[in-house]
Amino acid sequence: MKQQVHEYIIIGSGASGSIIAHELTKAGADVLMLEAGKRFSAATFPDNELDANAQLMWNGGMDASADASTLFIRGKAVGGGTIINQCLLDRFDAMALDSWREKSGLPFFNSHDLATHYDAVESNLSLHHMEERDWNTNARLYVKGFEQKGFGWAPLRRGQSNCGTGNDCMTCLGGCPRSSKQSMLETFLPKAEAQGLKIQSEFLVREVIHGPHLVSIAGYHKNVATTLYAKKVILASGALGTTELLLRSRLQDRLPALGKGFYCHPQWMTIALFDELIDSHKGAFQTVKSDEPRFRKAGFKLENVFAGPIAIGLLKPGYGFEHQRFMRRYRNMACIEVAVRDQDPGTISLNKRDRLTINKPLSDVDRQKAENGNQLVADMFHDIGANEVMTSPLQIGLHLMGGCAIGNDERTSVVNEAFQVHGMNNLYIADSSVFPDAPGINPSLTIMALSHQAAASILRQNSMQSATSKPTREAVL
Ligand SMILES: Cc1cc2nc3c(=O)[nH]c(=O)nc-3n(C[C@H](O)[C@H](O)[C@H](O)COP(=O)(O)OP(=O)(O)OC[C@H]3O[C@@H](n4cnc5c(N)ncnc54)[C@H](O)[C@@H]3O)c2cc1C
């Protein structure tokens with residue numbers, strides 16, 4: 001039986017996979033993308049918070065660490081995490097890149113070398129700083145608190161085209177019905193499809209088998225067992241997804257660093273109740289961030305933030321009347337998040353029942369950073385007149401990073417400087433799993449920049465290979 005062999009298969013359609021698909025198809029390559037989640041569009045995103053959580057997130061947004069102390073949220077849809085994220089797009093600073101260079105031993109982690117890739121990605125995105133006249137009251141209170149304390153702040157850079165002013169669509173975290181948020185579905189994927197990319201959604205990959213000429217992929221397409229073949233495979237399933245796939249493919253003996261070095265920028269929300277209406281749900285949920293060297297050094301950052309009523313309800317401990325009293329004041333709430341640059345990593349593994357297991361206890365050092373940040377936010381809210389302040393005990397991980405670190409030492413990394421899995425020339429990774437540590441900065445723009453760099457490296461290597469051997473589009477299996 002003749003079975004088609006694709007030139008490239010990309011597993012995962014988020015920040016990393018979409019950029020690589022765009023670059024490879026631009027060069028004329030044959031690319032198939034597989035995605036476990038469904039495909040939605042601006043017209044078909046779920047129209048309520050409950051359905052959005054259930055349909056756009058792995059396990060309904062309820063993945064937890066082994067000790068249940070941290071909730072991890074990750075996207076499961078064509079577009080990956082970019083469908084449910086806030087699309088705040090920052091470049092890394094020297095502090096983050098110096099640390100990566102030191103940990104990985106790779107000299108290209110510096111702002112000069114990465115600038116080409118950041119520039120290329122940014123040129124395809126609409127980026128926006130909210131004008132002060134468009135801020136909501138939550139953002140204004142944040143800046144008031146910061147200025148009263150003498151802390152530095154800056155506007156967040158948002159990937160958006162036109163969010164309008166004062167709207168209360170509230171749906172950034174559940175897809176964007178306005179086609180404004182610069183998710184992969186609005187930016188790189190349509191361009192890649194116009195260049196020939198094929199996408200199979202609802203394809204859950206379970207295993208990859210690497211051979212010297214081919215990689216086979218086993219999984220389920222709409223619950224039907226399916227095997228596909230490609231000359232080259234790019235894993236772009238995110239920190240948890242990519243690491244899980246390599247673990248399921250039984251590669252831990254060949255890759256001693258697999259599953260190690262997992263980081264998540266653990267974060268906490270503090271909600272303050274004011275007498276006046278704040279209406280944090282109107283307009284952009286996130287507008288301003290800390291720009292304070294003392295916080296950067298201390299290992300945390302602050303942003304104004306808000307969410308729909310279900311998410312806010314989850315943040316408040318307790319039951320019954322007390323919970324009801326709190327939630328009745330939804331329109332009086334202001335909110336700030338503290339995200340910690342975690343220095344002590346966790347691990348990703350499969351347990352005896354073959355289930356994904358994430359061990360990420362918070363070390364004393366990281367806990368202290370959180371306490372310092374949360375105390376500062378509580379003080380700030382009291383100073384500007386809040387009559388009640390609640391720091392939620394719920395610990396959340398949204399920036400999931402590591403598990404397949406990049407580096408030049410096979411004992412401490414999984415991927416080499418050409419983004420190939422060590423010892424497996426036909427398998428590449430450039431997604432959030434390759435992060436050598438937690439940068440303490442919103443990660444997705446850098447995931448895209450690294451993926452842009454990886455695509456160039458893949459094309460270079462393959463043009464060198466095809467100069468020495470003539471590839472065939474089909475193989476007899
Ligand atoms: C609520 C929220 C808000 C966030 N806000 C921001 C922000 O403002 N700025 C920022 O920089 N970052 C933000 N992030 C983080 C950011 O979205 C992620 O870091 C980024 O999307 C990760 O990119 P990735 O390509 O590594 O993986 P993803 O974007 O997660 O893509 C991986 C894809 O692979 C698919 N997949 C996984 N396993 C398999 C499998 N076995 N078979 C087939 N497909 C599979 C997944 O379904 C997913 O679609 C936020 C995240 C969340 C959850």
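Numbering starts at 1 and runs along the sequence shown. When a ligand or atom number is given, it counts from 1 through the structure's own listing order. Not measured: the values here are computed from a predicted model.
Residue Gly79 places every heavy atom at 4.0 Å or more from ligand 1.
The Gly238 neighbourhood of ligand 1 comprises atoms 26 (O), 27 (O), 32 (C), with distances under 4.0 Å to a heavy atom of that residue. Heavy-atom contacts of Trp58 reach the following atoms of ligand 1: 36 (N), 37 (C), 38 (N), 39 (C), 46 (C), 47 (O) (cutoff under 4.0 Å). Ligand 1 places these atoms under 4.0 Å from at least one heavy atom of Gly81: 17 (O), 21 (O), 28 (P), 29 (O), 30 (O). Listed by number with element, the atoms of ligand 1 under 4.0 angstrom from any heavy atom of Gln86 are 3 (C), 4 (C), 5 (N), 6 (C), 8 (O). Listed by number with element, the atoms of ligand 1 under 4.0 angstrom from any heavy atom of Gly75 are 46 (C), 47 (O), 48 (C), 49 (O). Set against the non-hydrogen atoms of Phe203, the atoms of ligand 1 under 4.0 Å away are 42 (N), 43 (C).
Remark: minimum distance from atom 50 (C) of ligand 1 to any protein heavy atom is reached at Asn85 CB, 3.3 Å. Of the protein's heavy atoms, Leu88 N, 3.0 Å lies nearest to atom 8 (O) of ligand 1. Regarding atom 53 (C) of ligand 1, its nearest protein heavy-atom neighbour is Ile73 O, 3.3 Å. Shortest contact from atom 52 (C) of ligand 1 to any protein heavy atom: Leu398 CB, 3.9 Å. Looking only at heavy atoms of the protein, atom 35 (C) of ligand 1 is closest to Glu35 OE1, 3.4 Å. Atom 22 (C) of ligand 1 has its closest protein heavy atom at Ile447 CD1, 3.5 Å. For atom 25 (O) of ligand 1, the closest non-hydrogen atom on the protein side is Ser16 N, 2.9 Å. Annotation: atom 31 (O) of ligand 1 to nearest protein heavy atom, Gly14 CA, 3.4 Å.
When non-hydrogen atoms are compared, ligand 1 lies under 4.0 Å from the side chain of Ile11 (C-beta onward) but not from its backbone. Of the heavy atoms in Ala236, only backbone atoms (N, CA, C, O) come closer than 4.0 Å to ligand 1. Residue-level proximity to ligand 1 for Ala77 is carried by the backbone, the only part with a heavy atom below 4.0 angstrom. Proximity of Cys87 to ligand 1, defined as any heavy-atom pair under 4.0 Å, is confined to the backbone N, CA, C and O atoms.
The shortest non-hydrogen separation linking Glu244 to Leu350 is CG-CD2, 4.3 Å. Nearest heavy atom pair, residue Tyr229 against residue Thr227, reads OH-CG2, 3.7 Å.
Taking a cutoff of 4.0 Å between a charged side-chain nitrogen and a carboxylate oxygen, Arg157 and Asp90 do not qualify as a salt bridge. Under a 4.0 Å N-O distance rule, the pair Arg140/Asp279 does not qualify as a salt bridge. Look at Asp342 and Lys369 and you find no salt bridge, because none of the NZ, NE, NH1 or NH2 atoms lies under 4.0 Å from a carboxylate O.
Exactly one residue among Ser161, Ser126, Ser179 makes a side-chain hydrogen bond (donor to acceptor under 3.5 Å, both in side chains) with Glu186. That residue is Ser179. Across Gln86, Lys289, Glu303, a single residue satisfies side-chain contact (heavy atoms from CB on, under 4.5 Å) together with Asn442, and that is Glu303. Here the options are Leu240, Leu247, Leu245, the test is side-chain contact (heavy atoms from CB on, under 4.5 Å), and the partner is Thr243; only Leu247 passes.
To the nearest 0.5 angstrom, Arg91 atom CZ is 9.0 Å from Ser111 atom OG.
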